[in-house]
> 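Below is the structure I would like to discuss, written out as structure tokens.
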Amino acid sequence: MDDRQLVILLNQMTLEEKIAQLQQLAANFYEGAESGGQITGPMEAMGMTDQMIESSGSVLGLAGAEQVIAVQKAHLRKNRLGIPLLMMADIVHGFKTIFPVPLAIGCSWDLEEAERSAAVAAKEAAVSGVHVTYAPMADLVRDPRWGRVMESTGEDPHLNSLFARAFVRGFQGSDLAGDKDRVAACIKHFAAYGLSEAGRDYNSVDLSERHMREYYLPAYRAALDEGCEMVMTSFNTIDGIPASGNVKLLRELLREEWGFDGILISDWGAVKELIPHGVAEDEAEAALKAIRAGVDIEMMTACYVHQLPALVRDGLVDEKLIDESVLRILKLKQKLGLFENPYRAADPEAEREVVFCEEHRTAARELAVKSSVLLKNDGVLPLSGDQKVALIGPFARSGDILGPWSWTGSMEDAVKLETAMTARIGADHITVAEGSGIETMTEEQWQEAEAAALAADVIVLALGESSEMSGEAGSRADIRLPEAQRELLLRLKALDKPIAVVLFNGRPLDLGGVYETADAILEAWFPGSEGGAAITSLLYGDENPSGRLSMSFPVSVGQIPVYYNHFNTGRPVDSPDADGRYVSQYLDIPNEPLLPFGYGLSYTTFTYSEPVVSSGIMSQDQPLKVSVTVTNTGTVAGQDIVQLYIRDISGEVVRPVKELKDFAKVSLLPGESREVHFTLTEEQLRYHHSDLSFVSDPGQFQLFVGPNSRDVKSHSFRLEKAAVENIRHVLS
């Protein structure tokens, strides 16, 4: 079906049929789904008629080739014009083969592996009948109290932008129309959802437009530049207006300025939530504001189907707005080939061969290795195979290592730490005890743990959050490990045995009481289906940890938000001119995080030379060449991530103390050295000024090179004034 035929099809639709295309419903509403007909509570209150369901445009949360085929067949029998459904679902970090959570993937700093993870997820989802995934999430995050930090790749706009592009490439490939192993991607949540006040989900956001453009929009824009087909609105307000009814954000910025003409979908219930937000009096006003703002699909509330027909007939909504939205939806169905083959890649036989296959599990295991971050190591790791190990903790035997948004993943199928470690060293070298639950500890659990520890040479203590403690609606004010687990650690410490803690969690934690007590800490995050195998290979040195933090760990929750690219203030704590008390500081804790952005240890050590810079002057035509020699000074092979930062010493508006501009991975044998090269251009020095122009400033800059944002070597350079004036002239 070509574009002309799509317009003919549109003109054959009644107004009610058009508006029904803008309605997204859960699988419960459809014949052929396992949950079909189970419409109770809020779903029943939506008041959907048979005709609305038969004319609807998309389904939420349906997968499984047989189910999808059955639902699509039943729908096509009933739909007057034979328009197929779009099948959409949350395939965030894997379909059945679950990869580490996105925050962990961000800590890999490995764009190729991130792309591969999305490609695997797309292949499994596609063969199971899914057409669109609600991923990736490009929200910049600085507050680990917010449960959805696990779904982001961290606190840096540049790194987030690179990962957003990688995920879109993985999901969609280079030929979405022709490659049936791919699914359409939907970037979310537009915009600035990661700035929810107090780290509380669904809460308000208040920030300047300049700040939003500088830090919170780049990753969304990067995903769209990569060809992302869809955008999802966020739940929060922007400048006092909820995103789903925000004309300036959606129609003026996203549609007109950025030129996005794909599908814009609300998050679950967000259109009707304009009423409790206080910007719509009733469902009619909510529908009016959302369609004017440019929201094409309303997810799981029914303001559009109930209210838009009358709003059009009364002249309050131009039917052209409806037509534009319907055409966008039809065009994606066309691109996916659904008019010719409404089942696309759904194939029950192929599904059994592809989903959770060994190749995909290998990919998940490899990424789990690269995503884990060694936070501390006082000589305990790696373990040796002849040590007697006490594996203790609520995650010793747990399959709850997939994390939130592992929709079709199976905890039963997850490789547990006990299973993998026993296979690695043999049952006679390991004793396993729970020690405590996630939030409680009994005396019986302690006694079992104590006996195991006393008989062992070393303790591996598997601690963390349950998957329900992070993710959507998983905000926490106290982001320490639960008290029972902290007590378990302290009791074991008193036995005078070396302790290596393995952390399973979806956010940077307040590690007070843990960091100083444990002898080693391996941050495994929620590592996914192959988590136990990946962690075991790291614990025993079969693999060398190479992950680096993409989000800072606080000393205390009282620091939050704490992030590396902060402003200096007029009274920085290290100011030589300031009084010792009257500076920007806490009286009881340091300003700096416990563990900074970019941080991570290895089983070997690396040294860096002073950076060598090609010139002290940069111009438009003369970028700087930066090189640094990295040497492996340890006894085993390892990989380091060399990071390049800059600082604009004097801007038109204040600039961060550091900004990540580039990075490179380097793998070195013991004693080996390698020169790492970067090119720094004038374009990389640009930022949003007070008038929102995106240009650079002439003057003094610093560049920094190092293994993380804290431990760096610096060099100064100047950007020529003539270069900047020329750029301003060209841009104007």
Side-chain angles (χ1 to χ4, degrees), residues 1 6 20-27 29-30 32-33 56-76 79 82-92 94-96 118-136 167-188 223 227-232 262-266 268 296-300 325-348 350-351 354-355 405 407-408:
M1 183 175 287
L6 289 183
Q21 280 292 306
L22 315 186
Q23 177 70 61
Q24 180 162 102
L25 297 171
F29 287 91
Y30 294 93
S56 61
S58 59
V59 183
L60 166 67
L62 181 66
E66 290 183 356
Q67 269 199 100
V68 166
I69 291 170
V71 167
Q72 194 76 282
K73 279 184 177 179
H75 177 78
L76 291 172
N79 185 274
I83 302 173
L85 291 162
L86 275 170
M87 307 295 178
M88 306 191 193
D90 292 280
I91 314 301
V92 174
F95 181 74
K96 179 71 171 177
V120 167
K123 187 172 184 177
E124 292 192 356
V127 78
S128 302
V130 176
H131 305 141
V132 178
T133 177
Y134 301 132
F167 287 133
V168 171
R169 287 194 302 271
F171 286 129
Q172 295 190 172
S174 58
D175 179 19
L176 180 61
D179 189 348
K180 301 300 190 292
D181 288 340
R182 306 290 180 159
V183 296
C186 176
I187 196 74
K188 61 185 185 184
C228 188
E229 292 287 347
M230 288 181 57
V231 174
M232 181 185 289
I263 295 172
L264 182 59
I265 186 172
S266 81
W268 181 296
D296 298 312
I297 297 178
E298 178 182 8
M299 184 195 296
M300 283 306 293
S325 292
V326 175
L327 267 177
R328 292 187 190 109
I329 295 165
L330 295 179
K331 283 181 178 179
L332 182 56
K333 293 179 179 184
Q334 173 198 42
K335 179 177 283 191
L336 292 168
L338 299 184
F339 289 104
E340 291 73 30
N341 178 10
Y343 315 116
R344 192 164 158 85
D347 183 333
E351 182 181 31
V354 168
V355 172
W405 294 121
W407 176 41
T408 63

> Ignoring hydrogens and angles, tell me if any N or O in the side chain of Asp347 forms a donor-acceptor pair with the backbone of Val127 under 3.5 Å.
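Pair absent, no side-chain N/O of Asp347 close to backbone of Val127.
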> What's the spacing between Gln67 CD and Met87 CE if we round to 0.5 Å?
10.0 Å
> Can you find a heavy atom in the side chain of Ser128 that is under 4.5 Å from one in the side chain of Val68?
no
> Side chains of Ser266 and Glu298: is there a donor and an acceptor less than 3.5 Å apart?
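Not at all, the side chains of Ser266 and Glu298 share no donor-acceptor pair under 3.5 Å.
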> Is there a side-chain contact between Ile69 and Pro348 in this structure, where contact means two heavy atoms from C-beta onward sitting under 4.5 Å apart?
yes
> Donor-acceptor check, side chain of Lys331 to backbone of Leu6, threshold 3.5 angstrom: yes or no?
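Side chain of Lys331 to backbone of Leu6, a donor-acceptor pair under 3.5 Å: no, none is there.
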> Could you check Met88 against Leu60 for side-chain contact (heavy atoms from CB on, under 4.5 Å), going step by step and ending with a plain yes or no?
CA-CA 5 Å; Met88 306 191 193; Leu60 166 67; 5.5 Å; no
> Check for a donor-acceptor pair, side chain of Gln24 on one end and backbone N or O of Gly57 on the other, with a separation under 3.5 Å.
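Pair absent, no side-chain N/O of Gln24 close to backbone of Gly57.
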> Are the side chain of Arg344 and the backbone N or O of Ala126 linked by a donor-acceptor pair below 3.5 Å?
no
> Quick check: closest heavy atoms across Gly32 and Val71, and the distance to 0.1 Å?
C-CG2, 3.6 Å
> Just do the side-chain contact (heavy atoms from CB on, under 4.5 Å) check on Leu336 and Leu86 with the steps written out, would you?
CA-CA 9 Å; Leu336 292 168; Leu86 275 170; 3.6 Å; yes
> Check the side chains of Ser56 and Gln23 for a donor-acceptor pair under 3.5 angstrom, ignoring hydrogens and angles.
no
> Please confirm whether the backbone N or O of Leu330 pairs with a side-chain atom of Gln334, one donor and one acceptor, at under 3.5 Å?
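Pair absent, no side-chain N/O of Gln334 close to backbone of Leu330.
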> Please report the shortest heavy-atom distance between Met230 and Ile265, naming the atom on each side.
CE-CG2, 3.7 Å
> Tell me whether Gln172 contacts the main-chain N or O of Gly227 through its side chain, where contact means a donor paired with an acceptor under 3.5 Å.
yes
> How far apart are the closest heavy atoms of Leu332 and Ala184, and which atoms are they?
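Minimum heavy-atom separation between Leu332 and Ala184: CD1-CB, 4.3 Å.
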> Quick one: closest heavy-atom pair of Asn79 and Ile83, and the distance?
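Shortest heavy-atom contact: OD1-N, 3.0 Å.
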> Thr408 side chain to Phe95 main-chain N or O, any donor-acceptor pair under 3.5 Å?
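Yes; at least one donor-acceptor contact below 3.5 Å.
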> Do side-chain atoms of Gln72 reach the backbone of Pro342 as a donor and acceptor pair under 3.5 angstrom?
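The answer is yes, because a donor-acceptor pair under 3.5 Å joins these two groups.
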> How long is the gap from CG on Leu22 to CD1 on Ile329, to the nearest 0.5 Å?
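If we round to the nearest 0.5 Å, Leu22:CG and Ile329:CD1 are 5.0 Å apart.
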> Do you know the tightest heavy-atom contact between Ala27 and Gly61?
CB-O, 4.2 Å
> CG of Asp175 to CG of Asp181: how many Å apart, nearest 0.5 Å?
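Rounded to the nearest 0.5 Å, the CG-CG separation comes out at 11.5 Å.
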> Hey, what do you get for NZ (Lys123) to CZ (Phe171), rounding to the nearest 0.5 Å?
15.5 Å
> Hey, does Val231 have a side-chain heavy atom less than 4.5 Å from the side chain of Cys186?
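No, every pair of side-chain atoms sits at 4.5 Å or beyond.
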> On a heavy-atom basis, which atom in Val168 and which in Pro136 lie closest, and how many Å separate them?
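The answer is CG2-CD, 4.0 Å.
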> Under 3.5 Å, is there a donor-acceptor pair between the side chain of Glu124 and the main chain of Lys96?
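Flag set: sc Glu124 to bb Lys96 pair under 3.5 Å.
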> Decide side-chain contact (heavy atoms from CB on, under 4.5 Å) for Trp407 and Ile91; before the verdict, give the C-alpha distance in whole Å, the side-chain angles of both, and the deciding distance to 0.1 Å.
CA-CA 7 Å; Trp407 176 41; Ile91 314 301; 3.8 Å; yes
> Checking side-chain contact (heavy atoms from CB on, under 4.5 Å) for the pair Val59/His75: CA distance, chi angles, key distance, verdict?
CA-CA 11 Å; Val59 183; His75 177 78; over 6 Å; no
> Do NZ/NE/NH1/NH2 and the carboxylate oxygens of Lys188 and Asp90 come within less than 4.0 Å?
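Answer for the salt bridge query: yes.
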> To the nearest 0.5 angstrom, please state how far the CD1 atom of Ile187 sits from the CZ atom of Phe167.
9.5 Å
> With no hydrogens and no angle check, is any side-chain donor or acceptor of Arg182 less than 3.5 Å from a backbone partner on Gly170?
yes
